[in-house]
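One structure is given here, and the rest of the page talks about it.
Order of the sequence lines fixes the chain letters, A, B, ..., with proteins taken first and strands second; residue numbering starts at 1 for each chain.
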Amino acid sequence: MKNFDFALLGTRAVQYRLVIMLVAVAVFGGLSLDDFLTVNTLQSVLDRATVVGFLALGLTPVLIAGQIDLSIGSMMSMAGITTIFMQPVIGNVPAAAAGVAVGILIGAVNALMVVVFKINSLVATLATLLIFASLALLLTNSYPLSSEDPIFGLPLTADFLWILTPRSAIFLTAAVLMFVWLKLTPTGRNLYAVGSDAPAATSSGINANGYIATSFILSGFFAGLAGMMQSLSTAAGSPVAGAVMLIPAITAVVIGGTRLEGGRGSSLATLGGVLALGALTTALEYNGVPSYTQAIYTGLLLILLISLDRIVSGHGGASSRAQRSVRVAPRNTPLPRRNA
Amino acid sequence: MTTESTPAVALRMTGITKSFPGVMALQDVDLEINEGEVHAIVGENGAGKSTLMKILAGFYQPDKGEIEVGGRKATHWTPREARSRGIGMIYQELNLVPDLSVAENISLGAMPKRGPFVDYRAMNAKAAAVLDELDTDIDPGTRLGDLSISQQQLVEIAKVVARQPNIVVFDEPTSSLGDKETRVLFDVITKMRDRGIAIIYISHRLQEVMEIGDRVTVLRDGRHIETRDVAGITPDEMVSLMVGRDLNEMFPKFDLELGEQVLSVVGASRAGQFDNVTLDVRKHEIVGLAGLVGSGRTEVARALFGLDPLEEGTITLAGKTVKIRSPRQGVAAGVALVPEDRKGQGIIPGLSVRENFTLPVITRITNALLIFLGKERKIVTELADRLKVNPPQVERPLNVFSGGNQQKVVLGKWLLSEPKLLILDEPTRGVDVGAKADIHHIIGEFAQDGGGVLMISSELPELLAVCDRIFVLHEGVISAEISRADATEESVMRAATGQEVAA
Amino acid sequence: MNQLVAPAKSLDKSKTPGALFSTLSIPIAILVLVVIGSVASPSFLTVNNLTNVLNANSAVGLIALGMTFVMVSGGLADLSVPANVAMGALVTLGAQESMGTGLAALMGLLVASMGGVVNGILIGYLRINPIIATLGTGSVLLGLSQLLVGGGIVYAQPSALSTFVKSSILGIPVFIWIFIFVALILHPLLARTSFGRWSLAVGGNYQAAQASAVPVRFTKAAAFAMTGFLAGLCGVLLALSNGQARPIIGTGYEFVAITAVVIGGTSVFGGNGSVLRTVGGVLITALIGNLIILLGFPSQATGLITGAIVLGAVGIDAYFRRKAGRL
Amino acid sequence: ADSGTDSASGDAGSVEGKSICYVTLANSHPYVTPANEGAQAAADAAGVELTIVSEEFSAQTGAEQLNSCVSRGVDGILLWPADENSYLPGLLKAEQAGIPVVAIDTRAGDESMELIQSFAGADKYDQGKISAQQLDGALDSTGGIVVIAGQAGNGTEIARSGGFLDELESMGSGLEILATVNADFDQQKALVASRDLITKFGDQIKGVYAQDDTMAKGFLQALEESGLDFVPVVVGINGEAGAFDNIREGKQFSTILQPPFRNGELAIETLISVMKGETVPEMVPLENTIVDIDNVDDLEPAL
Ligand SMILES: Nc1ncnc2c1ncn2[C@@H]1O[C@H](COP(=O)(O)OP(=O)(O)OP(=O)(O)O)[C@@H](O)[C@H]1O
Ligand SMILES: Nc1ncnc2c1ncn2[C@@H]1O[C@H](COP(=O)(O)OP(=O)(O)OP(=O)(O)O)[C@@H](O)[C@H]1O
Ligand SMILES: [Mg+2]
Ligand SMILES: [Mg+2]
């Protein structure tokens, strides 16, 4: 009896973890700081969450497709320096587009490596992480570029709607749109199928490679967006802007509940993860908690959540049963090849 | 060929040749399938049946040869193209997505839409309709990964049926189905045939071929041997065409004096899986464990080996009460299990035959530190020879071997551990007649040498032929213990379906 | 022999282009780099420089050796390496005063190994995804190590042990000896022992290995514990030879180690790999670093070249694998 | 933003109970940590509430923290710029909100500096310049040198490289830069790179500009290992204890001492002056003290 209650409690805790975390952070922040639960703070939490948020959002389809993209930070840096570099050359708006385009382009390179050359995505994107981080430094000679029009990007982080700024509004919209795509449209469902079992999806006529490629390009797109917005709102294109972004982005996605094994996850969960992490960071920061202690907390949170998830989902015979039957799906059916 | 009523040709494959590195999988194979016929394809493991079908489905490109569907030549033959031309495949292995719902799986690749969105209502309705046609009560909303294997198999079939294809390939569909499900499947196949659909049916169970097939094509070593009307062929003839020789003894049975008890299980239970199971196996004895799919046979086997330990009950091995809570303890106690899911739990695909063979006993061929490679090679070569592993190259990775040979390796792996009790879960599933005879022979020899065998099989004739005694499970409870003399298909089936049996 | 006709022509594994590539690629790559080096710079083929090449990556190479087991056993990668390096280094120097250099170094090794054991428990026993688990533990451990030094720098006191670590034996630096020593232990451990066979099996098919009475959880956990230990060893050695340590001491080592293992041809999917090949991978990455400076390339280009080599090596390997029909 | 300069000038003289947000470079760093401690001490002394947030070397993180400090409506902001440009938008917001900003340790770009009331710290650009002068002087403006730079793109690296190169040029120095490597302010990386540099150039290396003392130490280690007996002029920065030893032993030519704790104090004191409405100079210098064999025994190492 007792056991059963614990299991149920655990299941619920995992199910509603985002709500629990957000409430806990709000209570903790509200109690420890008198200016935490204010419009200003909320706005700043949301606004600060957007850059990591875009990266995490881009990572979500990749993880759902059962792949991983370590190069998001490098793509972001490349997009940022492109945006700032191109401003005087082709004008502000086209330069912003060019920044995003660079993200898409590198995403396409990742897609090429994974889908055409069949390199495991962990390795392929580790390589592109190294390559484009290095390229960003070489291109800028390691100096951050400063924008010739620093005012242009400012409206991105200005007051917009109540607790929103324009860029956090774009981020929220993107998260909702992605949710609709993933959950309600056939292509979204197909993406889950590919991540859950690519050969099986292929045998149903789903172009698994196409979906995997798309997910990498999307990741590039969002990293490009992150880099573009970041560089515009700081009026600088730094070659190392993205270097520290990978871990918070992955953490946010995973805290949200998307699996690294593919087949499960959602962009709203990612949104929740991003917000929970952002709010926690802000609350700790305002309390003067040193960054390394924050790292301990977030690390513990990550381990705790994922262990809880594991223990709860690994409970009882039902799921060992489920695991067993999943194994029957073939691992060795080759993916289709185009040319004879 | 098509003389009298000239039925329309649904599919013509001509001169199909396909090689893999080192293997000529298909050589100049012709195949012609008519509309409204069930065309069986038989052949030994590795004969090339699945390869031919994968070419038909667009998964492999043939090195040479042409495909003609519905009178039109196939160009740019991809899985997508094949599907759009009405070819449906039900594979030897399941091709489903565990994380989506049953309904989504059934509509996978062609979900009904309303505007840009998935029309979930239509999708669920469609799934419910097809599942109903297949006579199952699976809820379309369940996550597929939560279903049992046989339920998944039905979903797989539903998925293909739902697409209303003109040519349907069944590649060993019954290997994980029980008798009831098999009957349902045959009904469905008959209905489809009567609607004019061309059906290709691959199976190692020749009785099934005799029952459901109209014509049969025999492949051997990647070559087309013969196509004949089923009415004009006997299973024995089929077998000799398949192996190129006569097989006189399919189920060899050594009659041996039974020894003392090897295994005795009393009151074994695992919640939700089986309850109060009591059974025993003696030296030299082959004991069958029969039951319908889902009756809990696999669970009993796994528990005895320590994969899912018992919650209640005692296990006594060779007179000693033992606790088996992990496969390591199982092996230490002298138990071995050949699992039903060969690909998932039997083989390590990337390792060589040698490394697979010695995996459970590797600590026994080491000194304090290192493996004796020479000794390992010697043991393995001998064993491969004895088990007729084909090709006899023990350094090749196991995944390039055919199913039957993989199964021999799994079996051999456990023979090396010299168990007192050998548990076999569907040891001949998906295995051809030749290899099957080999496997039965190996099992017989093991019993002869003083081991006890507990064998699970969904093929009743196999159990009846091989076993000295049969326990029957019904919904996790032993419903009968039947001696060899009393065992008939009827008596076992009655117990398995829960009808009263006087044992 | 067998009455059933063999459908397969006899196939000699070592003669397919893929097998040829995977056996020869590393020696060839090393040769090519050596040729480039000796053409480009007269100082390349000097004993001194070649010692430098070996010496450059032998500390992080230790981690690559451990990481080989992680990858082979299907554990993907250990991202907590920098934290364990820092732990090893900081604990050693922090405890040096109170317990003496030798004991302090053991303490450092112990703490880093504990980090590895925690990873092992999370990944092997709780079966948490290695990337996430090690990201989490790495974050916690690095935070702890910073907490430990209150954010700053710890200096070493002169000691016999650090003099020894900095010295050479037979003209070869102790670092290289240690690397060779560890490689000589770990190579047969993977290739010739039961544990090695278990690692390959666990990486090849976890379920089947479990059903073959392989101690799957232990095997997987041990790989991470071992990597934690080796990362700690790397940290201890660096701290003693540098005479100081900071929490950032191991930054980026996880990527260098992964790169070396991958260039060595170990599959990220697990199930195959060899320590000897990782040694080759370590050599190649070291040669690249050496050549970049000798050729006068900007050091920012390291990532570009290393990344390109990883893509090339793995891409070609994947190509041959596919051609051989083994996915 | 009802607080800010208006109220600060309203009751000039007292800043007790006011709040300062300090965006620091890092929480755990040999130089930054003592500087943070100095800032805390100064704030405590003045009765000001200090919130320290760390950007962990990332200008992007710092820029967002700056924004968030502004939106919290603090009374003053102390900023440690991690690069030249990224803080401009946040500084504009601070200006609109009337919150004074003082920079510590590193200068921001010129446009940004216009929005910053004062800068308290050793000038790193200046440190680069001093290093150039030291090397040029010691080598009589001839010979080859190598530069062991910090982490590419890092603000300190940029300032120290910039000052060095600009000064060499403006002096018309005859020094020839043989090679520049980035060793990320890491001793081990400097060691590995230096081995290769020594192999390649040998005694052509007449001088070494290491952008901090840990990297200078790495070079010296490599030199020792190589067994070559030439003695290049090694110039470092930071005034670490190890560098003091090396200077005493004649292995290192000089380093530049800047006391971090004092730096932190100075910055907060400057900011408080601004908050009180006092006029402060554009730059409150923290002396860059050159340490060499002549004065090494009179000074205390910074860290
Ligand atoms: N991807 C592959 N790479 C290499 N060889 C292969 C591959 N697929 C099949 N083969 C080989 O081709 C031959 C034919 O295999 P196929 O799977 O078609 O046989 P099958 O008749 O379906 O056998 P089974 O009854 O065991 O299913 C076998 O020798 C097999 O080892
Ligand atoms: N998803 C599930 N969760 C929990 N229990 C299940 C699940 N699916 C099936 N079961 C139960 O597990 C028991 C054993 O099922 P299983 O199909 O493995 O039996 P079996 O006799 O080994 O059949 P076979 O090996 O022929 O598939 C049955 O009582 C079944 O109802
Ligand atoms: Mg087959
Ligand atoms: Mg079963």
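Contact of A/Leu304 with chain C is not made at all, since no heavy-atom distance falls under 4.5 Å. In this structure, chain A has a heavy atom under 4.5 Å from the side chain of C/Leu122, while its backbone stays farther away. For A/Leu300, the parts sitting under 4.5 Å from any heavy atom of chain C are the backbone and the side chain alike. Only the side chain of A/Leu126 has a heavy atom closer than 4.5 Å to any heavy atom of chain C. Of the two parts of C/Ser267, neither the backbone nor the side chain holds a non-hydrogen atom closer than 4.5 Å to a non-hydrogen atom of chain A. With a threshold of 4.5 angstrom between heavy atoms, A/Leu122 approaches chain C through side-chain atoms but not through N, CA, C or O.
To the nearest 0.5 Å, atoms CD1 (A/Ile68) and CG (C/Asn129) are separated by 7.5 Å. Atom CD1 of A/Ile131 and atom OG1 of C/Thr302 lie 12.5 Å apart (nearest 0.5 Å). The CG atom of A/Leu260 lies 6.5 Å from the CD1 atom of C/Ile131; values are rounded to the nearest 0.5 Å. In this structure, A/Ile296 CD1 and C/Leu144 CG are separated by 4.0 Å, a value rounded to the nearest 0.5 Å.
For chain A, the option among C/Val262, C/Ile258, C/Ile309, C/Leu135 with the highest count of heavy-atom pairs below 4.5 Å is C/Leu135. No other option in A/Leu137, A/Ile303, A/Leu302 has as many heavy-atom pairs under 4.5 Å with chain C as A/Ile303. Between chain C and the residues A/Asn141, A/Leu138, A/Thr298, A/Leu301, the most heavy-atom pairs under 4.5 angstrom are made by A/Leu138.
C/Ile128 and A/Ser307 get closest at one heavy-atom pair: CD1-OG, 3.3 Å. Shown here for A/Ser134 and C/Ala301, the closest heavy-atom pair between the two residues is OG-CA, 3.5 Å. Nearest heavy atom pair, residue C/Ser139 against residue A/Ala295, reads OG-O, 2.8 Å. The nearest pair of heavy atoms linking A/Ile119 to C/Leu311 is CD1-O, 3.6 Å.
Annotation for A/Arg259: atom CZ counts as buried by contact number, over 12 foreign heavy atoms lying within 6.0 Å. Applying the 6.0 Å contact sphere to OH of A/Tyr143 captures more than 12 heavy atoms from other residues, nucleotides or ligands.
Using a 4.5 Å heavy-atom cutoff, the side chains of A/Val123 and C/Val310 are in contact. Residues A/Ile247 and C/Leu79 are not in side-chain contact: their nearest non-hydrogen atoms beyond the backbone lie 4.5 Å or more apart.
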